[in-house]
Amino acid sequence: MISAQITGIVIAVQANYYWVKCDRIQGDLDQGDRNSQSSSALPQATLLCTRRDRLRKMGQKVMVGDRVTVEEINWDSQRAAICQVLPRQTELDRPPVANADQILLVFAFAQPAIDPVQLSRFLVKAETSGIKVQLCLTKCDLVSPDIQQQWRDRLMTWSYDPILISVYQHQGLETLRQRLSDRITVVSGPSGVGKSSLINALLPQLKLRVSSVSGKLERGRHTTRHVELFQLASGGLLADTPGFNQPDLDCAPIALAHCFPEVRSRLQQNSCQFSDCLHRDEPGCGVRGSWERYDLYLKFLDDAIAYQTKLRQQTEPEAILKAKTSANGKINYEMRLDRSKYRRESRKTRQQSMQVMKGKVIDWLEQEPE
Ligand code: GDP
Ligand code: ZN
């Protein structure tokens with residue numbers, strides 16, 4: 001007999017269905033199973049689950065990577081219902097993955113060549129998630145060992161130890177597999193660097209698994225933001241959908257320095273005495289200056305400040321707008337008129353202010369949603 005509830009991990013989500021890979025079952029096996037095999041040798045079942053109504057009413061969403069408890073298990077039809085989502089350790093938005101342990105950032109030595117500014121932008125974006133970042137440089141078959149070594153040395157000064165890969169020459173894949181084992185990994189990087197080739201090399205069973213899942217759900221796999229976790233032979237899980245291709249630096253200016261690991265260690269040693277320092281021209285700042293990416297840091301800081309300013313301006317119109325839902329369900333926005341504010345203004349000034357406000361509102365409404 002197997003107990004009524006078991007735990008597992010959500011490996012795919014489509015519409016209101018969740019594929020849950022069950023943990024290896026340790027207890028409550030019948031005597032025959034207990035005698036014949038250790039629990040780790042038992043196969044891990046995958047169940048097609050719905051979400052209990054109670055979770056839906058609570059607004060509890062279920063993401064790929066979530067650890068969950070399932071009940072009402074029907075082993076014959078491989079169906080069950082998720083009754084609990086365990087607390088998340090991490091949560092990524094793009095791709096939507098819970099509990100990712102690391103981001104594997106992929107760049108190529110050549111075709112396209114490494115651009116240190118673009119590389120740093122991706123690195124910083126990945127670091128803003130707070131999740132560990134692994135860097136991987138592909139296509140090493142296209143450059144000399146000297147160039148490979150120069151880049152490795154340079155990146156070590158940025159506090160990254162890159163894995164050098166050639167999918168064509170099967171180089172570096174073993175080291176990569178070791179770094180991916182027993183972890184949930186999300187791949188990221190610009191297009192053309194070899195991410196798909198790398199994922200295919202790591203997951204030769206991908207096509208097989210994809211067709212079985214899509215077949216049962218009778219839906220195409222590549223719906224927007226669809227993501228699925230695939231089991232690596234080494235025990236880890238890899239998200240098949242790469243994340244952020246064009247990263248925006250949406251980091252708070254004050255947090256930016258923490259996204260540079262070569263500075264993080266200095267900050268931990270309190271080398272800057274000011275807790276709110278932006279490490280620009282503040283006198284007595286111990287972080288400013290002596291590291292390769294400092295000028296890049298200043299450039300990104302300007303971007304981050306500009307982003308924050310834009311964000312503030314965008315949220316402002318909300319204060320002067322009132323949303324009204326019409327009979328056909330469409331939302332209209334109306335000016336929120338604070339009469340006391342305009343009481344003493346002449347009619348002309350009032351009209352001018354209204355024009356300015358309308359302009360702001362139109363700008364705001366025309367902005368593409370994120
Ligand atoms: P993605 O856009 O990041 O998913 O990149 P792809 O996997 O589609 O690869 C882009 C191009 O790089 C393709 O033409 C691949 O054949 C090529 N490529 C991938 N890996 C390697 C490699 O290890 N060495 C070389 N020379 N080319 C590679
Ligand atoms: Zn400082």
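Whatever order the structure lists ligands and atoms in, that order sets their numbers, starting from 1. Residues take their numbers from the sequence shown, with the count starting at 1.
Among the candidates Arg177, Gln171, His170, the single residue satisfying the side-chain hydrogen bond (donor to acceptor under 3.5 Å, both in side chains) test with Glu174 is Arg177.
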Is there any protein N/O under 3.5 Å from an N/O of ligand 1, and what does the full list of such pairs look like?
residue	atom	partner	partner atom	Å
ligand 1	2 (O)	Gly192	N	2.7
ligand 1	3 (O)	Gly192	N	3.4
ligand 1	3 (O)	Val193	N	3.3
ligand 1	3 (O)	Gly194	N	3.0
ligand 1	3 (O)	Lys195	N	2.8
ligand 1	3 (O)	Lys195	NZ	2.9
ligand 1	4 (O)	Ser196	N	2.8
ligand 1	4 (O)	Ser196	OG	2.5
ligand 1	5 (O)	Gly194	N	3.0
ligand 1	7 (O)	Ser196	N	3.4
ligand 1	7 (O)	Ser197	N	2.8
ligand 1	7 (O)	Ser197	OG	2.6
ligand 1	12 (O)	Lys139	NZ	2.9
ligand 1	16 (O)	Tyr168	OH	2.6
ligand 1	23 (O)	Val167	N	2.8
ligand 1	23 (O)	Tyr168	N	3.4
ligand 1	24 (N)	Asp141	OD1	2.8
ligand 1	24 (N)	Asp141	OD2	3.4
ligand 1	26 (N)	Asp141	OD2	2.8

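Using a 4.5 Å cut-off on side-chain heavy atoms (C-beta onward), Leu198 and Val187 make no contact.
Of the N and O atoms on the side chains of Asp153 and Gln149, at least one donor lies less than 3.5 Å from an acceptor on the other residue. Under the 3.5 Å distance criterion, with hydrogens and angles disregarded, a donor-acceptor pair is assigned to the side chains of Thr69 and Gln84.
Nearest heavy-atom pair across Asp23 and Arg67 is OD2-NH2, 2.6 Å.
Aromatic ring orientation, Tyr297 versus Trp291: tilted (interplanar angle from 30° to 60°). Below 30°, between 30° and 60°, or above 60°: for Phe260 and Phe300 the angle between ring planes is between 30° and 60°, a tilted geometry.
Taking 4.0 Å as the cut-off between side-chain N and carboxylate O, Lys299 and Asp302 do not count as a salt-bridged pair.
Distances from the Zn ion (ligand 2) under 2.8 Å pick out these protein N/O/S atoms: Cys272 SG, Cys277 SG, His279 ND1, Cys285 SG.
Under a hydrophobic clustering in which Ile, Leu, Val, Met, Phe, Trp and Tyr are joined whenever their side-chain heavy atoms come within less than 4.5 Å, directly or via other members, Leu267 and Leu123 fall into different clusters.
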